[in-house]
Amino acid sequence: MKIAIYPGSFDPVTLGHLDIINRASALFDKLIVVVMHNVSKKPIFSVEERKEFLRRTTKHIKGVEIDSFGGLLADYAAKQGACTIVKGLRAVSDFEYEFQMALTNRKLNPEVDTVFLMTSAEYMYLSSSMVKDIALHGGNVADFVPAEIESEIIARIRKDG
């Protein structure tokens, strides 16, 4: 069984994330979408909320599991028996950082490779940060986030913003 991991903060999950999840799930027997704890980021949604958003928006995709982790991704990959880490790239500017991370993960766990998937052109500009900023300022995020969680995202961001 080929197991892959798609890590991220998913704060909140966007249509760009779902694009990568859909495409990556077709390449592997199992895709674990893992909400990573990142101390350098201050998330609006709790880990459990982000996992629930992911569960609801991926429930129709075969072979996708949702999890969370707070340590080294290379260790998590070994624990799960994963052969691949999937990373989405929006632009060339993403590549340098992700390339460094891929080399580091490979050094820490030689059994895992990183695969880069280019985001579909319609989502190249999209980020969770952009969604939060648009929602905070009263903009329409319907074209950027899954419909089933849109109202919850807007309510939280406008309440806490």
Side-chain angles (χ1 to χ4, degrees), residues 1-133 141 143-146 149 153:
M1 175 178 268
K2 292 205 180 275
I3 301 170
I5 297 168
Y6 176 40
S9 27
F10 306 106
D11 187 45
V13 61
T14 69
L15 295 178
H17 293 130
L18 290 179
D19 172 56
I20 297 295
I21 292 168
N22 272 303
R23 292 171 39 228
S25 69
L27 301 173
F28 300 95
D29 299 310
K30 179 164 78 170
L31 177 68
I32 305 170
V33 180
V34 60
V35 176
M36 298 296 291
H37 304 266
N38 186 338
V39 295
S40 67
K41 294 186 177 183
K42 297 193 184 315
I44 289 179
F45 299 96
S46 72
V47 169
E48 286 307 314
E49 287 172 315
R50 289 179 273 160
K51 285 171 56 178
E52 180 56 25
F53 284 166
L54 283 161
R55 278 187 204 100
R56 286 171 38 204
T57 58
T58 63
K59 65 184 175 197
H60 65 284
I61 306 171
K62 186 176 182 257
V64 171
E65 293 182 12
I66 309 302
D67 199 4
S68 61
F69 189 70
L72 293 173
L73 183 58
D75 291 343
Y76 181 81
K79 179 180 160 195
Q80 297 298 323
C83 62
T84 308
I85 296 168
V86 174
K87 299 299 288 212
L89 297 178
R90 292 172 296 196
V92 174
S93 58
D94 288 344
F95 179 74
E96 188 171 337
Y97 173 78
E98 295 298 349
F99 182 66
Q100 290 174 337
M101 291 301 301
L103 292 174
T104 302
N105 284 324
R106 182 89 168 138
K107 182 73 173 174
L108 293 171
N109 180 351
E111 302 300 312
V112 69
D113 283 311
T114 299
V115 171
F116 298 108
L117 293 180
M118 295 303 301
T119 303
S120 295
E122 64 204 274
Y123 304 119
M124 287 183 76
Y125 60 88
L126 185 56
S127 70
S128 293
S129 298
M130 186 176 294
V131 167
K132 289 184 275 196
D133 193 46
V141 296
D143 290 337
F144 310 128
V145 298
I149 62 172
I153 291 170

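Looking only at side-chain heavy atoms (C-beta outward), S46 and K51 stay at 4.5 Å or farther from each other. When side chains are defined from C-beta on, S9 does not count as touching V35, because their heavy atoms never get closer than 4.5 Å. Side-chain contact between D75 and L108 is absent, with no heavy-atom pair separated by less than 4.5 Å. Between V86 and L27, the closest side-chain pair of non-hydrogen atoms is not below 4.5 Å.
Scanning both residues, V131 and P12, for their nearest heavy atoms gives CG1-CG, 4.1 Å. Nearest heavy-atom pair, A74 versus N109, reported as atom, atom and distance to 0.1 Å: O-ND2, 3.1 Å. Pairing each heavy atom of S25 with each of V64, the nearest pair is CB-CG2, 3.9 Å. Annotation for K30 and M1: closest pair CB-SD, 4.4 Å, computed over non-hydrogen atoms. Of all heavy-atom pairs spanning P7 and L73, the tightest one is CG-CD2, 3.6 Å. Minimum interatomic distance between A77 and V112 (heavy atoms only, all atoms of both residues): CB-CG2, 4.1 Å.
The CG atom of D29 sits 8.0 Å away from the NZ atom of K62 when rounded to the nearest 0.5 Å. Distance OG1/T58 to CZ/F53: 13.0 Å, rounded to 0.5 Å. Between atom CZ of residue R106 and atom OG1 of residue T114 there is a gap of 8.5 Å, rounded to the nearest 0.5 Å. Interatomic distance, CZ of F116 versus CD1 of I85, reported as 9.5 Å (0.5 Å rounding). Rounding to the nearest 0.5 Å places CZ of R50 at 9.0 Å from OG of S68. Rounding to the nearest 0.5 angstrom, the gap separating the CD1 atom in I149 from the CG atom in L54 is 7.5 Å.
Ring orientation note: the planes of F69 and Y76 are tilted relative to one another, at an angle of 30° to 60°. Using the six-membered ring where Trp is involved, F10 and Y6 have ring planes that are perpendicular, over 60° apart on the 30 and 60° scheme.
In this structure, T119 contributes its side chain and L89 its backbone to a donor-acceptor pair below 3.5 Å. When atom types are taken as modelled, the side chain of S120 and the backbone of E122 share no donor-acceptor pair closer than 3.5 angstrom. With hydrogens and angles ignored, the 3.5 Å screen pairs no side-chain donor or acceptor of D113 with any backbone N or O of T84. In terms of modelled atom types and a separation under 3.5 Å, the side chain of D133 and the main chain of S129 share no donor-acceptor contact.
Atom OH of Y125 is surrounded by more than 12 heavy atoms from other residues, nucleotides or ligands within 6.0 Å.
Among residues two or more places apart in sequence or in another chain, the side chain to side chain donor-acceptor pair (under 3.5 Å) test is passed with Q80 by none.
Considering M36, E52, H37 as possible partners of V47, the one that fulfils the side-chain contact (heavy atoms from CB on, under 4.5 Å) test is H37.
Taking the charged nitrogens against the carboxylate oxygens, D11 and K132 do have a contact shorter than 4.0 Å, which makes a salt bridge. The pair R23-D19 meets the salt-bridge criterion, with a side-chain N (NZ, NE, NH1 or NH2) lying under 4.0 Å from an Asp/Glu carboxylate O.
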